[in-house]
Amino acid sequence: MLVPTDGSALSIAAALKAVAFAKRLDVRVVAFHAIPVYQYPVYVGGIPFEYPSEADYETQCRAIVDRYLDLVVKAAGAQGVPVSTRIEFNSAPAQAIVDAAKRENCGMIFMGSHGRGGMSRVFLGSVALKTLTLATIPVLVDRPTPEEIAHAEELMSQSAIEP
């Protein structure tokens with residue numbers, strides 16, 4: 001089961017539910033995160049002096065994402081669920097999710113949704129909706145409760161991750 005997270009408390013809450021679901025199904029979890037590809041800034045006035053190199057960007061992003069995914073790894077370990085992690089640099093997260101599920105031979109994707117509707121979905125897009133459109137395997141989209149999100153925020157705080 002592929003479990004993508006964007007690092008938000010909502011996606012961590014959904015990932016924790018995914019781990020419990022994976023235990024009931026007796027399947028492994030692949031915790032996944034897609035990081036936007038590095039884009040060097042171009043300004044009319046020139047190039048800024050204080051901008052990270054591509055290598056620094058990738059190192060910093062990986063360090064942050066490892067902390068998010070570690071929450072899923074710990075939850076899976078506590079429940080005896082086999083887990084692995086995957087990080088990919090890809091600015092199209094929905095396509096990255098679908099491709100990762102295929103590469104990892106996952107039978108389903110379990111992901112959270114922010115539940116945006118109306119005009120905010122038009123302007124912000126919906127990774128969950130795009131994933132549903134692109135996937136050829138089952139996609140379970142979860143909208144965690146406020147209590148589940150608060151629990152995820154607490155876990156994030158305990159791990160010194162800002163929710």
Side-chain angles (χ1 to χ4, degrees), residues 1-39 57-58 61-62 64-156 159 161-163:
M1 172 187 309
L2 188 80
V3 180
T5 176
D6 64 8
S8 67
L10 184 143
S11 72
I12 297 297
L16 297 175
K17 285 173 79 172
V19 168
F21 190 58
K23 179 163 181 71
R24 281 184 265 156
L25 296 177
D26 194 27
V27 298
R28 70 184 173 96
V29 165
V30 179
F32 177 77
H33 186 94
I35 301 169
V37 175
Y38 178 84
Q39 291 185 2
Y57 169 80
E58 289 185 7
C61 287
R62 281 184 187 278
I64 293 166
V65 170
D66 281 340
R67 292 168 62 198
Y68 299 144
L69 297 180
D70 190 50
L71 293 172
V72 181
V73 169
K74 286 179 182 174
Q79 295 191 45
V81 174
V83 63
S84 60
T85 63
R86 298 292 178 264
I87 298 171
E88 181 178 321
F89 286 86
N90 189 322
S91 296
Q95 187 66 57
I97 290 166
V98 171
D99 292 346
K102 201 173 290 184
R103 264 193 321 277
E104 295 295 326
N105 198 30
C106 294
M108 77 175 298
I109 299 166
F110 188 121
M111 64 191 303
S113 173
H114 291 275
R116 293 186 184 103
M119 292 307 285
S120 67
R121 181 172 37 192
V122 171
F123 290 113
L124 297 173
S126 168
V127 174
L129 181 60
K130 289 175 188 171
T131 302
L132 283 164
T133 303
L134 295 169
T136 57
I137 60 173
V139 179
L140 193 154
V141 179
D142 178 68
R143 187 174 305 163
T145 66
E147 294 80 18
E148 291 167 336
I149 294 170
H151 175 67
E153 288 172 343
E154 179 61 29
L155 289 175
M156 294 171 80
S159 297
I161 301 170
E162 190 172 319

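Nearest heavy atoms, A34 versus P93: CB-CA, 4.2 Å. Looking at every heavy atom in both residues, Y57 comes nearest to P36 through OH-O, 2.6 Å. For the residue pair K130 and A94, the shortest heavy atom distance occurs at CB-CB, 3.4 Å. F89 and C61 make their closest contact through CE2-CB, 4.4 Å (heavy atoms, listed as atom of the first residue, atom of the second, distance). Heavy-atom minimum distance, K23 versus Q79: NZ-O, 2.9 Å. When all heavy atoms of I161 and R67 are compared, the closest pair comes out as CD1-O, 3.5 Å.
Taking OH of Y68 as the reference point, atom NE2 of H33 lies at 7.0 Å (rounded to 0.5 Å). Remark: Q95 CD to T133 OG1 distance equals 11.0 Å, nearest 0.5 Å. Distance NZ/K102 to CD1/I109: 9.5 Å, rounded to 0.5 Å. With rounding to the nearest 0.5 angstrom, the CD atom of E88 is 6.5 Å from the CG atom of D99.
V83 pairs by the side chain to side chain contact (heavy atoms under 4.5 Å, CB included) definition with V29, V73, A76, not counting sequence neighbours. In this view, I87 and I35, R62, V65, D66, L69 satisfy the side chain to side chain contact (heavy atoms under 4.5 Å, CB included) rule, not counting sequence neighbours.
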Going by atom type alone, with no hydrogens or angles, which donor-acceptor pairs under 3.5 Å involve a side-chain atom of residues 10-22 and a protein atom two or more places apart or on another chain?
| residue | atom | partner | partner atom | Å |
| --- | --- | --- | --- | --- |
| S11 | OG | T5 | OG1 | 2.6 |
| S11 | OG | D6 | N | 3.2 |
| S11 | OG | D6 | OD1 | 2.8 |
| S11 | OG | G7 | N | 3.3 |
| S11 | OG | S8 | N | 3.3 |
| S11 | OG | S8 | O | 3.0 |
| S11 | OG | S8 | OG | 3.4 |
| K17 | NZ | D142 | OD1 | 2.7 |
| K17 | NZ | D142 | OD2 | 3.3 |
| K17 | NZ | E148 | OE1 | 3.3 |

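No option in L2, V127, L132 other than V127 meets the side chain to side chain contact (heavy atoms under 4.5 Å, CB included) test with M111.
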Check your understanding: Yes or no on side-chain contact (heavy atoms from CB on, under 4.5 Å) for S159 and D70, after CA distance, side-chain angles and deciding distance?
Key -> CA-CA 9 Å; S159 297; D70 190 50; 5.9 Å; no
